[in-house]
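Note sheet for the following structure.
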Amino acid sequence: MKCTVCGDEIRGKPYTFSYKGNTYYFCSPMCMAEFKKRPEKYIK
Ligand SMILES: [Zn+2]
């Protein structure tokens, strides 16, 4: 599983955030915060 923001492989428990009915995974709280600032940038 890869981080939605930075693309790094996630080791251990991912940080998750649900947005518009989808769940996204992150390697760190910083990546999750970045996603929350600009979600449209990371959604394909
Ligand atoms: Zn990341």
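Sequence positions, counted from 1, serve as the residue numbers for this chain. Since the structure is predicted, the reported quantities are computational estimates derived from the model, not experimental observations. Every number for a ligand or one of its atoms is a count from 1 in the order of the listing.
- Across all non-hydrogen atoms, the minimal contact from Ser18 to Thr23 is OG-OG1, 3.5 Å.
- Each of Phe17, Tyr24, Tyr25 was compared with Met32 under the side-chain contact (heavy atoms from CB on, under 4.5 Å) criterion, and only Phe17 meets it.
- Under the 3.5 Å distance criterion, the side-chain polar atoms of Thr4 are left unmatched by any main-chain donor or acceptor of Phe26.
- Atom SG of Cys6 and atom CZ of Phe35 lie 13.0 Å apart (nearest 0.5 Å).
- Under the salt bridge (charged side-chain N to carboxylate O under 4.0 Å, His left out) criterion, the residue pairs touching residues 2-15 are Lys2-Glu9, with sequence neighbours excluded.
- Of all protein atoms, those of element N, O or S that lie under 2.8 Å from the Zn ion (ligand 1) number 4.
- The hydrophobic cluster containing Tyr19 does not contain Ile10, counting ILVMFWY residues as joined when their side-chain heavy atoms lie under 4.5 angstrom apart, directly or transitively.
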